[in-house]
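To start, the structure under review is shown below, and the notes come after it.
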Amino acid sequence: MSIGSFTDPIVVDPDPSLLAALAAAYRDAAPEAVNPDLDALRDAARGDEAPLSPAADLPRLTVLARDHVVDAITDPFYSASQLAALTEAGVWDLRTLAAPQPNAVLAGRSDGCVVIAASSGRDGDGASESPTDRGPWCRISADPTLRDRYVDLVADAEAVRIRTPSRHRLYGALRDRCGSEVADETVRLLDAGNDPLDRGAARVRAYAAGARRAALDRDLRRACEDAGLGSSATFTRIKRDLVEAGLLGTESVSQPVGRPRQRLVARGALADASSPAAALAALRKKGL
């Protein structure tokens, strides 16, 4: 089933597994826009090309999804940042669906179908799969008028606000205010572990990365706020936790005009860590 075969496609009422499969299809089609590695982030920051231009040729998809479905994809940091990249690139218009529909639907201007998972939702041993593991996906029936039934629903639906920045947005904000070393270190620390990462843990890693590269406290907070990673109050709490854990200190930096500013300084195991993996281990040892 190809999304590109539909003109002006919409998807209505996907479950978490279908929404994840759709996001993965776009990620695989334009990885440098949706899930860029550090080299791609650096290239985009240098202005070699627009950060999201690799996604420009993808079909623009309107998605009507219920809140709990979106939450299942946006609670984990990585999948949320990829979803944010799709909306920032303008190739996804993600909207809230208030009421469940009889079936998940994929429809275009001249074609439409019901979408179902070929699997039963259980693995070979009878154990339930995770909410995002079903598939592959198949189309059932063909109805050229199907899209027309949802035009008013799309018009009335509210846009979903994703509270996690894309990798491009986060890297760019950190680089602009704190420099490339802080931005690079943040990406390395975010990518250091293989375990699921939520938004709270991502904030801690960003702050720890700033400390490891001696960022100015105010600049780091403003960069994270610019990106949409968290509020200043949130980072006040994170700073306190890192200080109490013995992993963070500050030093005063005089300014030509105005009051001195505070520079973050890594302490203890965070300062001694020779790699992002070791830095992550230091955070985990303190329960952060």
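In this chain, residues are counted from 1 in sequence order. Keep in mind the model is a prediction, meaning the values are calculated, not measured.
Note that CD1 of I116 is 12.5 Å distant from CZ of R139, once rounded to the nearest 0.5 Å. For the atom pair OG1 of T87 and CG of L94, the computed distance is 7.5 Å after rounding to the nearest 0.5 Å.
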* Evaluation steps, salt bridge (charged side-chain N to carboxylate O under 4.0 Å, His left out), between R66 and D13 -> CA-CA 7 Å; R66 285 178 282 164; D13 204 13; 2.9 Å; yes

| request: Test side chain to side chain donor-acceptor pair (under 3.5 Å) on R199 and T74 and set out the steps. | output: CA-CA 9 Å; R199 193 162 44 245; T74 57; 5.9 Å; no

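Residues F77 and L283 share a single hydrophobic cluster, defined by chaining ILVMFWY side chains whose heavy atoms lie under 4.5 Å apart.
A salt bridge is defined here as a Lys NZ or Arg NE, NH1 or NH2 lying under 4.0 Å from an Asp or Glu carboxylate O, and R149 with D143 meets this definition. Ion pairing between D37 and R42 fails under the 4.0 Å rule for side-chain N and carboxylate O. Look at R175 and D184 and you find no salt bridge, because none of the NZ, NE, NH1 or NH2 atoms lies under 4.0 Å from a carboxylate O. By the 4.0 Å N-to-carboxylate-O rule, D219 lies close enough to R261 to be salt-bridged with it. Of the charged side-chain nitrogens involved, none lies within less than 4.0 Å of a carboxylate oxygen, so that R203 and D198 do not count as a salt-bridged pair. Between R177 and D226 a salt bridge is recorded (basic side-chain N to carboxylate O distance below 4.0 Å). Classification of R237 and D241 as a salt-bridged pair holds, one side-chain N sitting under 4.0 Å from a carboxylate O.
Counting heavy atoms from C-beta outward, L170 and L229 have side chains that approach closer than 4.5 Å.
When atom types are taken as modelled, the side chain of R60 and the backbone of V91 share no donor-acceptor pair closer than 3.5 angstrom. Under the 3.5 Å distance criterion, the side-chain polar atoms of R188 are left unmatched by any main-chain donor or acceptor of P276. Side-chain atoms of Q101 come within 3.5 Å of backbone N or O of A99 as a donor-acceptor pair. In this structure, the side chain of H168 engages the main chain of E32 through a donor-acceptor pair within 3.5 Å.
Here the shortest heavy-atom pairing between A279 and A273 reads N-CB, 3.4 Å.
Ring geometry for Y26 against W92 counts as perpendicular: the plane angle is over 60°, on a 0 to 90° scale with 30° as the lower cut.
In summary, of the residues considered (K239, Q262, R222), a side chain to side chain donor-acceptor pair (under 3.5 Å) with D217 occurs for K239 alone. Across L270, I238, V243, a single residue satisfies side-chain contact (heavy atoms from CB on, under 4.5 Å) together with L248, and that is V243.
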